[in-house]
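Here is the structure we will look at.
Read the numbers this way: they start at 1 and go in the same order the structure lists the ligands and their atoms. Predicted model, so just to flag it, every value in this text is computed and none were measured. All values below were derived from every heavy atom in this structure, side-chain atoms included, with hydrogens, water molecules and symmetry-related copies excluded. Residues take their numbers from the sequence shown, with the count starting at 1.
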Amino acid sequence: METIQEIAARVYEFGNNSADGNSTMKNLLGGKGANLAEMSSLGIPVPPGFTITTEVCKEFNELGQEAIIGLITPEVEKAIKNMEGIMGAQYGDTKNPLLISVRSGARVSMPGMMDTVLNLGLNDEAVIGIAEKTGNERFAWDSYRRFIQMYGGVVLGMKPQSKEDIDPFEEIIEHLKEKREIQHDTQFTIQDLKDLVYDFKDVIQKSTGQNFPTDPWEQLWGAIIAVFNSWNGARAIYYRKMHDYPDDWGTAVNVQAMVFGNMGAGCGTGVCFTRDAGNGENRFNGEYLLNAQGEDVVAGVRTPQQITKMGSQRWAQLAKIEESDRAENYISLEELMPDIYKELFKYQNILEQHYKDMQDMEFTIQSGKLWILQTRNGKRTGSAMVKIAIDLLKEGLLDEKQALLRIEPNKLDELLHPVFDPNALKRATIIEQGLPASPGAATGQIVFFADEARKFRNTILTRIETSPEDLEGMNLAKGILTARGGMTSHAAVVARGMGKCCISGAGALKIDYKNRLLTVDGKEYHEGDWISLNGTTGNIIEGKVATIEPELSGEFGEIMKIANKYATMAVRTNADTPKDARAARKFGAKGIGLARTEHMFFEVDRIKAMREMILADTVKGRRHALEDLLPMQRSDFEGIFEAMQGLPVTVRLLDPPLHEFVPHQLATQKELAEDMHISLSAVKNKVAELQEFNPMLGHRGCRLGNTFPEITEMQTRAILEAALNLKAKGIEAKPEIMVPLVSTLNEFIAQEEIIRKTADTVFKEYDDTIPYLVGTMIEVPRAALMADLIAKKADFFSFGTNDLTQLTYGYSRDDAGKFLPIYLEKGILKADPFEKLDQEGVGQLIKMATEKGRKIKPKLKVGICGEHGGEPSSVEFCHNNDMNYVSCSPFRVPIARVAAAHAAIGKG
Ligand code: PEP
Ligand code: MG
């Protein structure tokens, strides 16, 4: 009997308004393959072809190439026959050859990360057939030499691996240009192109010891295998890691009939978006190039023209081009080919309505016939994401839940960060203007190479154009600037996806990589010079520019309102100052989940009193210093309570090891000795005494409050006096006092006693009371194990997942940098557990502790205040675990709110 694996189709065909697959089959056919099938069924004119499934990629990884070719040959042969029928040409024919492309296509778009080969089917005879068929000999030979170069690079492994490597094909091209004294490829004669073909084949023979394969079937299998192999290429692996995509997804392979945008008159190619990917405006836009191949638009080698008349006029305005000049030399597709434009407009509408999302489409016009090559949900900036979701909701294409699910929580981050201060901008010197490819404000020092993006703390990657190899550097840089390329160039698309500020197509920039020099209008900028990019206007600015907080748009507020409607778990913030508290409230925080009191002690006027307290040898001495600290703490708490206007505020008692507060430098130690009227050696001895082998496991957390109860007393007093003082002013305060690093019930009881006793004293002194809670952090595994006992006493639990992760794994938070990156690289760990909650391991402790706690107190308030409180997948875990709230840094509050709503909608 055959197994299921043997029966299941490995090849899915599409074309001529029908298809075997559809858009729901992304996991099997990859995003591109599923979309091609769907489009074909919708009546969109896609060139016919077939998709080899991602399952075959997995089989390829297991069985190897011989076995795979054997397995899929019959289906591939049948599919090619079908394509031949539709296109009226034969694969491998010399008179009327069908040319095909082979492309990768994973279930999610990974732009430029994997390989593609175009023009398969060409050889010394077919090139003549194509020349005759099209009546365009130049086109035929140009395609042939491009094919050999691409095939040599991708399939035969001759692509340069680093910037030091020389591309042997480019070297031949440059050499010929020099010899012929020409600048552009378009100036090559037909004979030049033939010479290139000859020289390319020669260099392939010399470097690989093999002849360039002229058999079209050998070409096809070589390309298919190369695409499968590119799934495991370095670029693809890095991209997957960055986006957290599993290695075992695999890529599909799409084989499709070639259509040509570079066959001469009436030909062209372009990319278009159904809405503006930068700001979300509902404006059909895009770019095209006449007489060019698709890759030319994306590669940014020639700066393309706008599709719509309005877009073209906007572009001309930016480029300071007169309308008459524009209409003549930079005409839009809408004006140049009105019928084709109308057809394109019709398809973009059908596709957006069908997919109910902004589409990013590629098209080709071959001798007056429009072909749509692909469509996908377009990458967009954070603000475009928000506007498009709300607009689609208002247009009735989406309901509220669907609109909310369109918001990638992490992408909101872009909207919340500073923009250039308009006052500072008034004084700014604008060096030049480019295309506003990806909005935002970036200030940094110039670097010219992607692998040097770490050279300074803040860098602006400045390139003639970018390529997929530059991905890592683009990610590290603060902003990206390119001299070439349009709004759909690699730099622009990738930057928008990353939410990174980018200016492209700044044609006046002269970039000299060799001398690491940027020249604009005769003025020179060197590596390390500061520049600023305004990705919203396209302005390139000299030096640093000050930034301010962003204004949040109306759509942002609408999304947040919808999030509130569906989220059932509250989002609080971790804030130690009134300023942070106010910022978080603006973002919708429903309280403070963690105020780390120690952060207040580091300010200049307090650290002295703090040090005196630590250095005191007696209780009396400590109390004396604490008396100085009390009014400072009290006023801090007053500020925080006031900012939170009656929302709950969890204040954690002193937590870090004391050595963090004492001076380690001689000059400061001397100063402290003088202030305290003690000898330098006494200071030094005390500092040495505080040194610990494992400070994270040492004298910290509630161990401090239990050994120096007067600290807990002072802090309790400061918290409650602040609340009572505000009460007197008519402002409500809801303090929740939190004991850190508890591992036994008695540790908690000892602290609770001090807190309650102090509270009674304060209430007596004030002749007034205020409700307050006393709870604990659960951040030591033992506390999680003993949670039922602890819950008998504690009013609430807050999971300190930073320490809980540290102590569960036994990974020091301070030293993990030495091995975590290697663990991630080797796949020993799938994600950094300090960033993304380890739901399997640490998560078990959280689940168990919550259940145990609630068995004792069914309404026990439970939250999380570790860094994970602002990370979407961890927020979802917290929701599923019935937590009352998550708490995160102010800027992550909106992210957590949307993540909480997603979890409630049941996205997980
Ligand atoms: C924690 O451990 O998760 C926590 C919030 O406390 P801290 O990071 O201050 O140790
Ligand atoms: Mg902690």
Side-chain angles (χ1 to χ4, degrees), residues 571-577 580 584 589 591-602 648-661 692 694-706 711 715 736-743 747-748 751 775-784 787 790 794 796-817 832-839 841-843 845-846 849-850 861-871 874-875 877-878 881 883-890 892-893 896:
V571 176
R572 293 194 187 184
T573 191
N574 293 356
D576 314 325
T577 63
D580 284 356
I592 289 181
L594 174 63
R596 291 176 165 103
T597 45
E598 63 272 14
H599 288 183
M600 300 160 178
F601 292 131
F602 284 105
V649 175
T650 308
V651 181
R652 180 180 69 184
L653 301 177
L654 191 66
D655 178 65
L658 295 181
H659 79 92
E660 285 187 16
F661 297 97
E692 293 178 301
N694 291 308
M696 275 283 156
L697 303 178
H699 194 185
R700 61 169 289 223
C702 64
R703 300 158 209 172
L704 289 172
N706 277 327
I711 300 179
Q715 292 202 292
E736 300 178 343
I737 301 173
M738 181 156 76
V739 183
L741 218 73
V742 161
S743 40
E747 276 180 314
F748 180 76
Q751 284 292 282
T776 183
M777 294 188 78
I778 303 285
E779 51 183 346
V780 178
R782 192 178 190 283
I790 295 173
F796 64 86
F797 283 177
S798 175
F799 288 98
T801 44
N802 302 332
D803 273 309
L804 193 58
T805 301
Q806 163 170 263
L807 296 168
T808 304
Y809 274 85
Y811 292 168
S812 157
R813 281 157 74 170
D814 300 324
D815 303 305
D832 178 344
F834 289 107
E835 220 176 279
K836 228 179 199 180
L837 185 73
D838 159 44
Q839 298 183 17
V842 178
L845 287 170
I846 295 176
T850 310
K861 196 192 276 192
V862 176
I864 180 176
C865 63
E867 287 310 299
H868 308 92
E871 191 282 317
S874 315
V875 171
F877 171 83
C878 295
N881 202 40
M883 286 202 193
N884 298 81
Y885 68 85
V886 294
S887 187
C888 54
S889 65
R892 297 203 72 82
V893 167

With rounding to the nearest 0.5 Å, note down the distance linking CD1 in Ile737 to CZ in Phe796. 8.5 Å

Calculate, to the nearest 0.5 Å, the distance between atoms CG and CD belonging to Asp655 and Glu779 respectively. 6.0 Å

Numbered atoms and elements of ligand 1 in range of Asn802, under 4.0 angstrom, heavy atoms: 1 (C), 2 (O), 3 (O), 4 (C), 5 (C), 8 (O)

Hey, does Glu598 come in under 3.5 Å of ligand 1, counting only N/O atoms on both sides? no

Run the numbers for me: atoms of ligand 1, each under 4.0 Å from some heavy atom of Cys865, listed by number. 5 (C)

Smallest heavy-atom separation, Val739 atom then Thr776 atom, equals O-OG1, 3.2 Å

Near the Mg ion (ligand 2) (protein N/O/S, cut-off 2.8 Å, waters excluded) we have Glu779 OE1, Asp803 OD2

Do any heavy atoms of Met777 fall under 4.0 Å from ligand 1? yes

Please determine if Glu660 and Arg700 form a salt bridge, counting it only when a charged side-chain N lies under 4.0 Å from a carboxylate O. no

Taking only Lys NZ, Arg NE, NH1 and NH2, and the carboxylate oxygens of Asp or Glu, determine whether Arg652 and Glu598 approach each other closer than 4.0 Å. yes

Would you name the heavy atoms of Val780 and Ser743 that are closest together and state the gap between them? CG1-CB, 3.6 Å

Would you say Arg652 touches ligand 1, if touching means a heavy atom closer than 4.0 Å? yes

